[in-house]
Participant: 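Got a structure here, written out as structure tokens. Questions coming.
Values below: all heavy atoms of this structure, side chains included; hydrogens, waters and symmetry mates excluded.
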Amino acid sequence: MEYLRCVVERITYRNEQNGYSVLKCRAKGFQDLVAVVGAMPDVHVGSVLSLGGTWKLDAKYGRQFSVETCEETLPATVFGIEKYLGSGLVKGIGPKFAQRIVQRFGKDTLEVIEETPEKLMEVPGIGQLRVDRIKRSWEEQKEIKNVMLFLQGHNVSVSHATKIYKAYGKDSVKLVRENPYRLADDIWGIGFKTADAIAAKLGFEHERYERLRSGLLYALNRLADDGHCYATREALVETGAELLTVDASKLSATLDKMIADEDVKTEEDAIYLPPFYHAEVGTARRLTEIYAHPGGVRVSPLGLAERIGKATGIVYDAVQMEAILTAAESKILILTGGPGTGKTTTTLGVIAAFREAGAKILLAAPTGRAAKRLSETTGMEAKTIHRLLETKPPDGYQRNADNPLDGDVLIVDESSMIDIMLMYNLLKAVPDAMTLIFVGDVDQLPSVGAGNVLRDMIDSKRFPVVRLTRIFRQAQSSRIIMSAHRINGGKMPDLSNGKDSDFFFMERDTPESALETIVDLVRNRLPRAYRIPPGEIQVLTPMQRGVVGAANLNQALQEAVNPHADGLRRGGVLFRVRDKVMQIRNNYEKEAFNGDIGVVEGVDLEDNTLSVRFDNRLVEYDSTELDELALAYAVTIHKSQGSEYPVVVMPVLMTHYVMLQRNLVYTGITRAKRLLVIVGTKKALSLAVRNVTVTRRNTMLKARLSP
């Protein structure tokens, strides 16, 4: 093995899943920057690395140092010290002050900060307040460093070590030594595989109970991420045995103990994580209780059509009127239909009917964008479900069974997006007498979270369902809407383009040519032709990975439309001022939820923070929290649910083969309001239209609801 000590100058590429990185580093004895490749999760610009590995000659990229071992150390050179301090690890010192401090104290800089920090006031621009901040931050960093030295000896990255320290404080080393698998339970972003690698280095036995238990919980969580509420015992043991490389009989015994300890819940052959079990059982119970309750506002059906028509100025057809009458007579109604079928106008009729009866009406939707749109179309206040339930960390939802919602009718839009956990928390806060109306398009993709709630409610045949199918005349002039309905019916859309069309297809045979076209459309052609800024153009893609996957598209689009702004780096992603970003996990403390899209408004390189504007709110992120954000110039179609965009550009190619399904393409198309451009091949689009296979989700809600 050969060894290399270097300072990270640039992070060219980072795979967040496995930590594989391509770095450009400055190393002693080398005039040019050295290319370093290998698994180095979460090293940052300015990190001083001691690497073990071998030199290799890559046919395409030239000479590279392939890493086998990686350790981060304190810098020894003046250049390294400046990079280290300027990285933002120490609050109060950004790149500008790092340069000034190092110019003043040279190689003695770290010693000055450690022993005589008051001397920092000799540096222009640094006063007592900043010195105090630097002292506090340095002490904290020292404690973190002690934890990090232990953790990095077990291949834990800097950002993960920081999260561990934040969670456990001075007890970090002790707790990790006792049971490293608790990291997978307690700390977001640390999965079973990271915990397992640490455990192996600590000498934990391969078949130790803690390891097998954590592996089974990890497998169940992975299934929940794929939309499943439970796993069958056989499938769970099989998956666990493969993951853990242990005998299935050993895992079966582990699972029996977990059932006895109530780490998991079981019903027939199904194994649930407890929160999903209680949510599914509770959702079925609450829907049944609300539907059976005789109370609530009653609307007189006599002459209702005339009264509603007069109140709204809308002429309703027979099916829409049926929906309004059913809503007036039922405790629960499901209203579904595709674009242009009048869901919004029907909802306005329902509101008018209940308003006439003096009812207090609440409006909600799963996402901020969907709530905003509902508010605009109805002229009433609409809230996200999280805000309706008054989320307050760390206590959770303030509206619940003990403090129910105050109202007579609750109308929930974009209901296909609601997963089992959110539905249960919503229903807990709904009083028995309240009328519930769920509006949504059941042919769209199911929720990102576990469950298939709207579909299960419809399939149970327990509640009244009105399906709107007639496409109204004004909607028939939209090729977007007509194409969506053709696709939903299993037919290819009209791809003839045309000057006045709002639906275009651009044939591109390779991912590389599609990428080039998409960048050109977003940066040049569409802003020129439609007089809209690139920020209003949303690229939607079937997948995260690949040349025309969200990750690569975001890098290319960022360089095209926002190349020169300041930024903070997290892994291989540089977040710049004016970048479009998406929150990718629910953070109740920040009131920022999975799928929320915002714009980076400010970057503070001294405090290592950035601020993001979501609608009318400014949310601040520390550098260790940036894994909660992703660039959002391009997002997956799954993540776009509940949103509408003026202009959508969507690649559909054979490289997306595994994801090409009818409901996926249908969902993507229905996100576009003014213009849609599909870039790809007719073969790939045709495959998606024909592929009606919907991945079955493990859920028992339908069975629990069926009469």
Participant: If you define the side chain from C-beta out and look only at heavy atoms, does anything of Lys383 sit under 4.5 Å from Leu389?
Facilitator: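 No - every pair of side-chain heavy atoms lies 4.5 Å or more apart.
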
Participant: Nearest 0.5 Å, what's the OG1-CE distance between Thr510 and Met654?
Facilitator: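 Here the interatomic distance stands at 14.5 Å.
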
Participant: Holding to side-chain contact (heavy atoms from CB on, under 4.5 Å), I want the full list of residues that pass it with Arg10, two or more places apart in sequence or in another chain.
Facilitator: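 Once residues adjacent in sequence are excluded, the partners of Arg10 under the side-chain contact (heavy atoms from CB on, under 4.5 Å) criterion are Lys24, Leu33.
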
Participant: Determine yes or no for a side-chain-to-main-chain donor-acceptor pair under 3.5 angstrom, with Asn691 supplying the side chain and Ala688 the backbone.
Facilitator: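 It does not hold such a pair.
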
Participant: Who pairs with His638 by ring-ring contact (aromatic ring centres under 6.0 Å, His included), at least two apart in sequence or on another chain?
Facilitator: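 With neighbours one apart ignored, the set is empty.
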
Participant: Under 4.0 Å between a Lys/Arg side-chain N and an Asp/Glu carboxylate O for Lys590 and Glu625?
Facilitator: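 A salt bridge is present here (some side-chain N lies under 4.0 Å from a carboxylate O).
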
Participant: Which residues pass the side-chain contact (heavy atoms from CB on, under 4.5 Å) test with Glu376, sequence neighbours left out?
Facilitator: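 Glu376 satisfies side-chain contact (heavy atoms from CB on, under 4.5 Å) with Lys372 only.
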
Participant: Under the side-chain contact (heavy atoms from CB on, under 4.5 Å) rule, collect the residues that match up with Ser416, sequence neighbours excluded.
Facilitator: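 Here the qualifying residues are Gln444, Leu454.
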
Participant: Checking Thr367 now: which residues fulfil side-chain contact (heavy atoms from CB on, under 4.5 Å) with it, not counting sequence neighbours?
Facilitator: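 side-chain contact (heavy atoms from CB on, under 4.5 Å) list for Thr367, sorted by chain: Arg369, Ala370, Met417.
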
Participant: Quick one: which residue pairs count as a side-chain hydrogen bond (donor to acceptor under 3.5 Å, both in side chains) with a foot in residues 522-536, not counting sequence neighbours?
Facilitator: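 Residue pairs with at least one partner in residues 522-536: Asp520-Asn524.
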
Participant: Give the intermediate values and the outcome of side chain to side chain contact (heavy atoms under 4.5 Å, CB included) for residues Leu610 and Asp604.
Facilitator: CA-CA 6 Å; Leu610 61 79; Asp604 188 328; over 6 Å; no

Participant: Where is the tightest heavy-atom contact between Ile480 and Arg674, given as atom of each residue plus distance?
Facilitator: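 Closest approach of Ile480 to Arg674, heavy atoms only: CD1-C, 4.0 Å.
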
Participant: Given 3.5 Å as the limit, does a donor-acceptor pair link the side chain of Ser375 with the main chain of Ala371, or not?
Facilitator: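 Checking the backbone N and O of Ala371 against the side chain of Ser375, no donor-acceptor pair under 3.5 Å is found.
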
Participant: Of the non-hydrogen atoms in Tyr621 and Ala592, which two are nearest, and what is the gap between them?
Facilitator: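 Looks like OH-CB, 3.9 Å.
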
Participant: For Val577 and Asn562, work out which heavy atoms get closest and say how close.
Facilitator: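 Result for this residue pair: O-ND2, 2.9 Å.
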
Participant: Using side-chain hydrogen bond (donor to acceptor under 3.5 Å, both in side chains) as the criterion, list what pairs up with Glu591, not counting sequence neighbours.
Facilitator: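 Result, side-chain hydrogen bond (donor to acceptor under 3.5 Å, both in side chains) vs Glu591: Arg387.
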
Participant: Strictly distance-based, threshold 3.5 Å: is any side-chain N or O of Ser447 a donor or acceptor partner for the main-chain N or O of Gly449?
Facilitator: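 Yes, the answer is positive, given that a donor and an acceptor are paired below the 3.5 Å cut-off.
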
Participant: How close do Ile584 and Ala630 get, counting heavy atoms only, and between which atoms?
Facilitator: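 In terms of heavy atoms, the two residues are closest at CG2-CB, 4.0 Å.
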
Participant: Does Phe575 offer a backbone N or O that forms a donor-acceptor pair with the side chain of Asp579 under 3.5 Å?
Facilitator: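 Side chain of Asp579 to backbone of Phe575: no pair is present.
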
Participant: Go through it in stages, so that I can follow the logic: the residues are Gln583 and Asn587, the test is side chain to side chain contact (heavy atoms under 4.5 Å, CB included), and I'd like the CA-CA distance, side-chain angles, deciding distance and then a yes or no.
Facilitator: CA-CA 9 Å; Gln583 176 78 14; Asn587 186 322; 3.7 Å; yes

Participant: Is the closest side-chain heavy-atom distance between Leu526 and Val649 below 4.5 Å?
Facilitator: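 With C-beta onward as the side chain, the pair touches.
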
Participant: Is there a donor-acceptor pair closer than 3.5 Å between any side-chain N or O of Arg697 and the backbone N or O of Gly451?
Facilitator: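 Yes, the answer is positive, given that a donor and an acceptor are paired below the 3.5 Å cut-off.
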
Participant: Which pair of non-hydrogen atoms, one from Pro180 and one from Ile198, has the smallest distance, and what is that distance?
Facilitator: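 The pair with the smallest heavy-atom distance is CB-CG2, 4.1 Å.
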
Participant: May I ask you to test the Leu363-Leu388 pair for a side-chain heavy-atom distance under 4.5 Å?
Facilitator: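 With C-beta onward as the side chain, the pair stays apart.
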
Participant: Do Pro366 and Asp419 make a side-chain contact, defined as non-hydrogen atoms from C-beta onward lying under 4.5 Å apart?
Facilitator: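 No, side chains not in contact.
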
Participant: Could you work out, with side-chain hydrogen bond (donor to acceptor under 3.5 Å, both in side chains) as the rule, every residue matching Arg222, not counting sequence neighbours?
Facilitator: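 With sequence neighbours excluded, Arg222 shows a side-chain hydrogen bond (donor to acceptor under 3.5 Å, both in side chains) to Tyr218, given in chain and number order.
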
Participant: Consider side-chain hydrogen bond (donor to acceptor under 3.5 Å, both in side chains). Of Asn488, Thr670, Thr667, which one does Asp443 pass it with?
Facilitator: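 Running side-chain hydrogen bond (donor to acceptor under 3.5 Å, both in side chains) over Asn488, Thr670, Thr667 with Asp443 returns exactly one hit, Asn488.
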
Participant: Decide yes or no on side chain to side chain contact (heavy atoms under 4.5 Å, CB included) for Leu675 and Val648, but give the supporting numbers first.
Facilitator: CA-CA 6 Å; Leu675 178 73; Val648 167; over 6 Å; no

Participant: Show your reasoning for whether salt bridge (Lys or Arg N to Asp or Glu O under 4.0 Å) applies to Glu414 and Arg373.
Facilitator: CA-CA 11 Å; Glu414 295 286 357; Arg373 200 168 66 247; 2.7 Å; yes

Participant: So do Arg182 and Tyr168 actually touch side chain to side chain, heavy atoms under 4.5 Å?
Facilitator: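 Side-chain contact under 4.5 Å: yes.
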
Participant: Might you confirm whether atom CD of Glu512 has over 12 heavy atoms from other residues, nucleotides or ligands at distances under 6.0 Å?
Facilitator: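 Enclosed: over 12 neighbouring heavy atoms sit under 6.0 Å from CD of Glu512.
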
Participant: Go through the steps for Val67 and Val36 under the test side chain to side chain contact (heavy atoms under 4.5 Å, CB included), then give the verdict.
Facilitator: CA-CA 7 Å; Val67 173; Val36 173; 3.3 Å; yes

Participant: Of the non-hydrogen atoms in Thr541 and His656, which two are nearest, and what is the gap between them?
Facilitator: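 Closest approach of Thr541 to His656, heavy atoms only: OG1-NE2, 3.6 Å.
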
Participant: Taking side-chain hydrogen bond (donor to acceptor under 3.5 Å, both in side chains) as the cut-off, I'd like each qualifying pair that reaches into residues 639-652, sequence neighbours left out, listed once.
Facilitator: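 Pairs touching residues 639-652 that pass the test: Asn594-Lys639.
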
Participant: How would you list, by chain and number, every residue that makes a ring-ring contact (aromatic ring centres under 6.0 Å, His included) with Tyr230, sequence neighbours excluded?
Facilitator: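 Tyr230 satisfies ring-ring contact (aromatic ring centres under 6.0 Å, His included) with Tyr272 only.
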
Participant: Backbone N or O of Leu223 within a donor-acceptor pair of the His228 side chain at under 3.5 Å?
Facilitator: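 Not a single qualifying donor-acceptor pair exists.
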
Participant: Tell me, do Cys6 and Arg26 make a side-chain contact under 4.5 Å, heavy atoms counted?
Facilitator: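 Contact flag for Cys6/Arg26 side chains = no.
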
Participant: With sequence neighbours left out, what residues match Tyr666 under ring-ring contact (aromatic ring centres under 6.0 Å, His included)?
Facilitator: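 Checked Tyr666 against ring-ring contact (aromatic ring centres under 6.0 Å, His included); zero matches.
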
Participant: Side chain to side chain contact (heavy atoms under 4.5 Å, CB included) with Tyr397: which of Glu390, His386, Lys392?
Facilitator: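 Among Glu390, His386, Lys392, the one that satisfies the side chain to side chain contact (heavy atoms under 4.5 Å, CB included) with Tyr397 is His386.
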
Participant: Is there a donor-acceptor pair closer than 3.5 Å between any side-chain N or O of Asp413 and the backbone N or O of Ala365?
Facilitator: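 Flag not set: sc Asp413 to bb Ala365 has no pair under 3.5 Å.
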
Participant: Determine, for Arg576 against Glu559, whether the closest basic-nitrogen to carboxylate-oxygen distance falls under 4.0 angstrom.
Facilitator: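 Here Arg576 pairs with Glu559 in a salt bridge, since their nearest N and O are under 4.0 Å apart.
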
Participant: Please name all residues satisfying ring-ring contact (aromatic ring centres under 6.0 Å, His included) with Phe614, sequence neighbours left out, ordered by chain then number.
Facilitator: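 Checked Phe614 against ring-ring contact (aromatic ring centres under 6.0 Å, His included); zero matches.
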
